[in-house]
Amino acid sequence: FIDSDNIDFIKNDIEKTLNLPAFSDCISYCANISLNSILTNKAHIAKSNHIDFQCRIMISPEYHNLYLWVALSNLMDNAIEHEQKEPEELRHITLSIIQDVNSINITLENYISHSILDKNPTLATTKTNAHEHGMGIVNTRSLVASINGIIAFTEEGNSFFAQIIL
């Protein structure tokens, strides 16, 4: 029998049994189910690495483009990986996705303590075993081009920006 006195006990017991995070950690970033799934996963990874993650999402719940979601997911992985190298108190990632009648504009920004593009303007991988890692910027550029999009990488001050326009 469930009454108001033991609801918290029951919730905690369910969380422990199923090894789930607390109910208060469940966040919905947008009504788009596929995008929300990606954002929830990446936000969890960011949080577990002490990275502040903020987003502003205005996109149709019906919009779905697997290539775009894969490209965005890869860019977010890159930003998370980079932020882990930065001082904890400065780590942050900000994502903006704005859809209007004619386009979708995605801007992903993360903190950098020094220029990435000065040292590596093509963003070529610096990993010795690149084939064992993510899809890479070259493939991300190809994915975006395949859906008639434009991708650009810029820096301003201590911010690195990846922007996709469809």
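Everything quoted here is computed from the prediction, not taken from an experiment. For reference, positions follow the sequence shown, starting with 1.
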List in chain and number order the residues that pass side-chain hydrogen bond (donor to acceptor under 3.5 Å, both in side chains) with [X], two or more places apart in sequence or in another chain; answer none if no residue qualifies.
| X | answer |
| --- | --- |
| Gln54 | Asp52 |
| Ser60 | Glu62 |
| Ser48 | none |
| Ser37 | none |

Partner set under ring pair (Phe, Tyr, Trp, His ring centres under 6.0 Å) for Tyr63, not counting sequence neighbours:
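Expected list: Trp69.
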Which residues satisfy the ring pair (Phe, Tyr, Trp, His ring centres under 6.0 Å) test with Tyr29, sequence neighbours excluded?
Phe53
If two hydrophobic side chains count as joined below 4.5 Å and joins carry through other members, does Ile97 share a cluster with Ile93?
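Yes, Ile97 connects to Ile93 through the hydrophobic network.
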If hydrophobic clusters are built from ILVMFWY residues whose side chains come within less than 4.5 Å, do Ile164 and Phe161 share one?
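No, it is not one cluster - the side chains of Ile164 and Phe161 are not joined through contacts under 4.5 Å.
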Which residue pairs pass the side chain to side chain donor-acceptor pair (under 3.5 Å) test when at least one of the two sits in residues 155-166, sequence neighbours left out?
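The answer is Asn105-Gln163, Glu109-Ser159, Ser115-Glu155.
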Looking at side-chain heavy atoms only, is the closest gap between Leu117 and Phe160 below 4.5 Å?
yes
Heavy-atom side-chain proximity of Leu35 to Leu72 below 4.5 angstrom:
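Contact flag for Leu35/Leu72 side chains = yes.
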Pro87: partners by side-chain contact (heavy atoms from CB on, under 4.5 Å), with sequence neighbours left out:
Glu89, Leu90
For Asp100, side-chain contact (heavy atoms from CB on, under 4.5 Å) partners two or more places apart:
Asn102, Ser103
Does [X] reach the main-chain N or O of [Y] with its side chain, forming a donor-acceptor pair under 3.5 Å?
| X | Y | result |
| --- | --- | --- |
| Ser146 | Leu143 | yes |
| Arg91 | Gln84 | yes |
| Glu83 | Asn110 | no |
| Arg56 | Ser96 | no |

Apply the hydrophobic cluster definition, ILVMFWY joined by side-chain contacts under 4.5 Å directly or through others, and give me every member besides Met58.
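Met58 clusters with Ile98.
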Using a side-chain heavy atom cutoff under 4.5 Å and only I, L, V, M, F, W and Y, what cluster partners does Ile150 have?
none
Who passes salt bridge (charged side-chain N to carboxylate O under 4.0 Å, His left out) against Asp77, sequence neighbours left out?
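So Asp77 forms a salt bridge (charged side-chain N to carboxylate O under 4.0 Å, His left out) with Lys42.
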Within a reach of under 6.0 Å around CD1 of Ile33, are more than 12 heavy atoms found that belong to other residues, nucleotides or ligands?
no
